[in-house]
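Read the numbers this way: they start at 1 and go in the same order the structure lists the ligands and their atoms. Owing to the predicted nature of the structure, the values given are computational and were not obtained by experimental measurement.
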Amino acid sequence: MEYDIIIGLEIHSELKTQSKVFCGCKNEFGGDPNTQCCPVCLGMPGTLPVLNKTALEYAIKAGLAMNCKISRFSKLDRKNFFYPDMPKAYQISQYDLPICYDGYVDIEVNGETKRIGIERIHIEEDAGKLVHDPYGQGTLIDYNRCGVPLIEIVTRPDIRSPEEARILFETIKSILEYTEVSDCRMQEGSIRADVNLSIRPKGTEAFGVRTEMKNLNSFRSVQRAAEAEAKRQAEVLRKGGVVIQETRRWDDNKGESFSMRGKEEAMDYRYFPEPDLVPIVVDDEWLESIKRSIPELPQSRRDRYINELGIPRYDANLITMNKRVADMFDAAVAVCGNAKTVSNWIMTDIMRRINDKGEAVLDSPLNGKRFGEILLFLEKGEITQASAKKVMDEVIETGAEPSEIIEKRGLKVQRDENLVLDAVRKVIQSNPQAFNDYVSGKEKAFGFLMGRVMGELKGKGDPAQVKEVLTRELQAASS
Ligand code: ADP
Ligand code: MG
Ligand code: ZN
């Protein structure tokens, strides 16, 4: 039997405010364990929380960027549960009146736009971190992350494939980066997704029972976890079993998920309004000023690249998805002038570097300006493609300026007609076999000879000039 896949994501993202959400402690990643806490975020009896206005502003900003309605009156609620990383034994969250609701995000799947509903975005506090002692002595707790402001974005079950789930996660991360409400450092866990997934026989309407996989912190793992879970559920149904509603833990190394616990119902948390905080009222003036603070979003930047710069849709989409890559693109175009050259190099060279080495490449000395300078040398024919790559490597490694590297390494293209002619003659003389092949009409031999001449010129020849001189000399020698 064939099945449809139904997915809804819950995405948690830390907000990059200066201080925590209910106290004045610094909101900073790292730091020695338990050095960024106070009686409030440690949940000491008798302490009182005060809501961080910037956290609220960021949540509203994220909501507006995802086309949500904003609650003009909302409140915070207590979600009660016992777990050692949450010292109060409850989490301050929002239950029935989330700050944002009823929005949508458009995603680009195989060149087509698809709309995914956003059910709600609410504000809550993060928990501490359990550190399992590597020597097996027990578990330690670091409370630094307690009280870090979070938003939880809950999508409607509109996602129909693991690929769409990944793209939606990428798109939401991108929107959060553009609005600058979160730094979205995935390796630090500042954005993570829960994947809710069910399947149903093709052609039927009713949703099946869903499972939830918690805390996926990479695009790849969201897609892989969804693929594996859809397969697992289909397997269960095929064998005549039933899917159990439960929370599962995805093991990215093993490539499979394991049952953790039965799913909690809202009732289990005994939600009630947080009595230590006043309700939230958002007035017109404040809402308007937050609206005005929203910068250009990835979609409109993409459309601008397509319509004004002539960048292919696929490329424009990929470049604008990552704000820092798009900023690099803009800075490079400002220097180099040719948007298409810059986009081609980003799509190949920079994307490859990001794939190999991660986004840290974007913090390297190869910024947009230096990248643009290198491409300008290339555009003017002063260096070859191979040299451009070399210069980029060296900028990343040493932080030196492109012009200095080109000078020091003697990478300027060799255009001296006599030198090129010498190299061509030498190559023809020392490769009689290839020469004969060429004369007898074997096209491949030309490429071989061309490569030899470039080698002779230490890769610094201008390909167009070498080609022209080589063609001329070959014709002269064979007639
Ligand atoms: P809870 O708060 O108990 O986790 P919600 O109803 O708020 O449950 O849904 C959580 C997430 O699960 C949402 O993203 C929603 O889209 C998704 N979801 C709900 N029902 C299904 C289903 N049958 N299959 C897949 N996803 C679902
Ligand atoms: Mg849930
Ligand atoms: Zn504190």
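Nearest-residue assignment for atom 15 (C) of ligand 1 (options I153, N196, T155, D194; heavy-atom criterion): T155.
When only modelled atom types and interatomic distance are considered, T211 and E246 share no side-chain donor-acceptor pair under 3.5 Å. Counting only N and O atoms by type, the side chains of N322 and Y178 include no donor and acceptor under 3.5 Å apart.
Around the Zn ion (ligand 3), the two atoms SG of C25 and SG of C23 are separated by an angle of 110°, to 10 degrees.
Using modelled atom types, one side-chain atom of S190 and one backbone atom of R185 make a donor-acceptor pair closer than 3.5 Å. Distance alone, capped at 3.5 Å, is enough to place a donor-acceptor pair between the R72 side chain and the V282 backbone.
Residue I6 approaches ligand 1 through these ligand atoms, each under 4.0 Å from one of its heavy atoms: 24 (N), 25 (C). The distance from ligand 1 to the heavy atoms of R156 drops below 4.0 Å at these ligand atoms: 16 (O). Interface of L9 with ligand 1, defined as ligand atoms under 4.0 Å from a residue heavy atom, comprises 14 (O). Ligand-side atoms of ligand 1 in range of V154: 13 (C), 14 (O), range being under 4.0 angstrom from any heavy atom. Atom numbering of ligand 1 starts at 1 in the shown order; those under 4.0 Å from a heavy atom of G208 are 23 (N).
Between D268 and K79 there is no salt bridge, since no side-chain N of the basic residue sits under 4.0 Å from a carboxylate O of the acidic one.
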